[in-house]
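Below, chain A is the first sequence line, B the second, and so on; all start at residue 1. A quick note: this is a predicted structure, and the numbers were derived from the prediction, not measured. Values below: all heavy atoms of this structure, side chains included; hydrogens, waters and symmetry mates excluded.
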Amino acid sequence: MKTESIITRFAPSPTGNLHLGGARTALFNYLFTAKQNGRIILRIDDTDNERSRPEYEESIKSGLAWLGLSFDQEIKQSERTDIYRRYLKQLLAGGQAYVSTDEGGREPVIRFKNPNRLIRFTDLIRGNIEFDTSDLGDFVIAKDENRPLYHLASVIDDRELGITHIIRGEDHISNTPRQILITEALAVADEIKPTVAYAHIPLILAPDRSKLSKRHGAVDLRQYREQGYLPEAMINFLASLGWSAQAGKEGTNQEIFTLTELTKLFSLDGIQKSGAVFNQDKLDWFNREQIKRLPADELFTQIKNQLPENIFTRPTYSDERLRQIIPLITERITVFNDIRRLAEEGEYDFYFSPPGLAKEMLGPAKYLAQTKEIIDQIDKDDFTAEVIKDKLWDFATANGRGEVLWPLRVALTGREKSPDPFTVAAIIGKEETLSRISYALTL
RNA sequence: GGCCCUAUCGUCUAACGGCUAGGACACAUCCCUUUCACGGAUGAAAUCGGGGUUCGAUUCCCCGUAGGGUCACCA
């Protein structure tokens, strides 16, 4: 049930893909609104015809959907020219704006008549902020009656839609006085009292503490999506940048959250004033943690999608076996794309077909025959990692665990690195285990 | 440069005048495992500087300093 006492908006400009900063702004707007059962609007700020592109709009929407952020309403500024024109005429008629023809040879534009006032506003995150607007001059608010510019269109929409809270990046702080000036001028015209509150969130910074941008590498949300990061991890990570669930009396040391949990916990009080540096290691950690929390079916589907076709044609491939090795896969990856890479490097081959063996890697293997005998004595129905380890352990310890276990592991996997031999043996089964050892013995 | 914002471990952050400045990532060591990974334990690591206010400042105020943002007929 929407009470609609809170109305917010996320207003991206479709001049590029959704980037990390935009995604986080959307997230904070979403969390703030959802927490209070408010209403959130997606507004496409496409007043700039030259630079706006439909494909970017689609890309932004698909990024938001991927993150799981939904909106109650969508509007597009390019479809609202009539509304802006109406207000523009009012401002012109009221003398709060004028057509400026003295533009040094350029086309005439519509400028806002700056009353040169001191503007004071309270930012929900930073407290009182003061600007002397006299150094702003008579700024341009539209190219002509049919082509409004950002400040004008934005302010009109915020009023028309009854926006109660504007949550946006810190880089907009210096835009705020202009927008308040326009808001006040509009209020004179139609006598609606402006009551919007501002909350400027800190920027996401590059490691050098400058504003994150293309030159710092991956900034598009899409790039992370393509690398196989989970939306859950991205949400969790973005939330951790500049916001803390630990703040306040009900603080918690919990770090891993679902979107639903974040919605319950979110508060502007937990927002930091200073910029937060983007940290790939931490994102990776969030992703590994979120992978661990994925439902089994989801995990299975995701992993299966990553595996190359040649895996499925192996003699012993089965969904059942794949399910068995899922834990062994997930504890060794950071993003899902790692699976494809590792699979192509042969990392998973031995689970589904006998490995090629190099005698040098096997070593002397003087205990392998005895090892085989011990394994042979284990009941086929009792062939679990625990039992195999149990039966082999004393023998391995007595003769040097490396002497016994290394050749066994290599015989089964053919690799320098792999899970332990007990686990591998249990997965491929007694028959296959003995067969691989026999083969190794012939080398 | 003008205006504005900001300042706790390398990074993300907690402590909203009062425990030995807490947690997480990363890092190091050890344990587990003679492989890899996971896991467990331990450790190193911070209040930018100077003045105030106060019995007491990470916390409040001022001044520096540093960093950032913004100064379009982009948003």
Can you list, by residue number, the residues of residues 205-219 of chain A that have a non-hydrogen atom closer than 4.0 angstrom to RNA chain B?
-> A/Arg209, A/Ser210, A/Lys211

Pull out every residue in residues 134-145 of chain A that has a heavy atom closer than 4.0 Å to any atom of RNA chain B, ordered by number, or say none.
-> A/Val140, A/Lys143

Separation of the [atom1] atoms in [N] and [M], to the nearest angstrom:
| N | M | atom1 | value |
| --- | --- | --- | --- |
| B/C48 | B/U58 | P | 10 Å |
| B/A45 | B/U11 | C1' | 12 Å |
| B/G67 | B/U8 | P | 15 Å |
| B/C31 | B/C38 | C1' | 14 Å |
| B/U20 | B/C27 | P | 32 Å |
| B/U59 | B/C73 | P | 43 Å |
| B/A15 | B/G22 | P | 14 Å |
| B/C55 | B/U47 | P | 27 Å |

Proximal nucleotide (of [options]) relative to the [X] side chain:
| X | options | result |
| --- | --- | --- |
| A/Val277 | B/G69, B/A75, B/C12 | B/C12 |
| A/Asn279 | B/A75, B/A37, B/U11 | B/U11 |
| A/Leu203 | B/C73, B/A75, B/G68 | B/G68 |
| A/Arg106 | B/U13, B/C38, B/C73 | B/C73 |
| A/Ser244 | B/C74, B/A24, B/U13 | B/U13 |
| A/Ala276 | B/U33, B/C12, B/C73 | B/C12 |

Results of side-chain hydrogen bond (donor to acceptor under 3.5 Å, both in side chains) for A/Glu432 - residues two or more places apart only | A/Arg436

Applying side-chain hydrogen bond (donor to acceptor under 3.5 Å, both in side chains) to A/Asp82 and not counting sequence neighbours gives A/Arg85

Contact class for [X] vs. all strands (heavy atom < 4.0 Å): base, sugar-phosphate, or nothing?
| X | value |
| --- | --- |
| A/Ser418 | base |
| A/Asn175 | base |
| A/Gly242 | sugar-phosphate |
| A/Pro419 | base |
| A/Thr47 | sugar-phosphate |

Listed pairs under 3.5 Å, donor-acceptor, residues 25-32 of chain A side chains, sequence neighbours left out:
unit_1	atom_1	unit_2	atom_2	d
A/Thr25	OG1	A/Gly21	O	3.0
A/Asn29	ND2	A/Thr25	O	3.0
A/Asn29	ND2	A/Ile167	O	2.9

Who does [N] pair with, Watson-Crick or G-U, both distances under 3.5 Å?
| N | result |
| --- | --- |
| B/A28 | B/U42 |
| B/C16 | none |
| B/U70 | B/G2 |
| B/U65 | B/A7 |
| B/U58 | none |

More 5' along RNA chain B: A/Arg409 or A/Glu255, using each one's nearest nucleotide?
-> A/Glu255

Given A/Lys273, A/Arg126, A/Arg168, the one that forms side chain to side chain donor-acceptor pair (under 3.5 Å) with A/His200 | A/Arg168

Taken to the nearest whole Å, CZ/A/Phe112 to C1'/B/C73 is 17 Å

Can you check the A/Trp285 CH2 to B/G39 P distance for me, whole Å?
-> 10 Å

Got more than 12 heavy atoms from elsewhere within 6.0 Å of [atom1], [X]?
| X | atom1 | answer |
| --- | --- | --- |
| A/Glu107 | CD | no |
| A/Lys391 | NZ | no |
| A/Arg293 | CZ | yes |

Go through A/Thr15 and A/Ser52 one step at a time and tell me if the side-chain hydrogen bond (donor to acceptor under 3.5 Å, both in side chains) criterion holds.
-> CA-CA 5 Å; A/Thr15 53; A/Ser52 296; over 6 Å; no

Pair [X]-[Y], side-chain donor/acceptor within less than 3.5 Å:
| X | Y | result |
| --- | --- | --- |
| A/Arg86 | A/Thr81 | no |
| A/Tyr229 | A/Asn337 | no |
| A/Asp138 | A/Tyr98 | yes |
| A/Gln324 | A/Tyr351 | no |
| A/His151 | A/Gln179 | yes |

Give me the one residue out of A/Leu230, A/Ile256, A/Leu238 that meets side-chain contact (heavy atoms from CB on, under 4.5 Å) with A/Phe286.
-> A/Ile256

Any side-chain N or O of A/Arg288 less than 4.0 Å from the OP1 or OP2 oxygen of B/A26?
-> yes

Donor/acceptor link under 3.5 angstrom from A/Asn253 side chain onto base of B/A14 | no

What N/O pairs connect the protein and nucleotides 4-8 of chain B at under 3.5 Å? Give each pair on its own line.
unit_1	atom_1	unit_2	atom_2	d
B/C5	O2'	A/Arg126	NH1	2.6
B/C5	O2'	A/Glu170	OE2	3.0

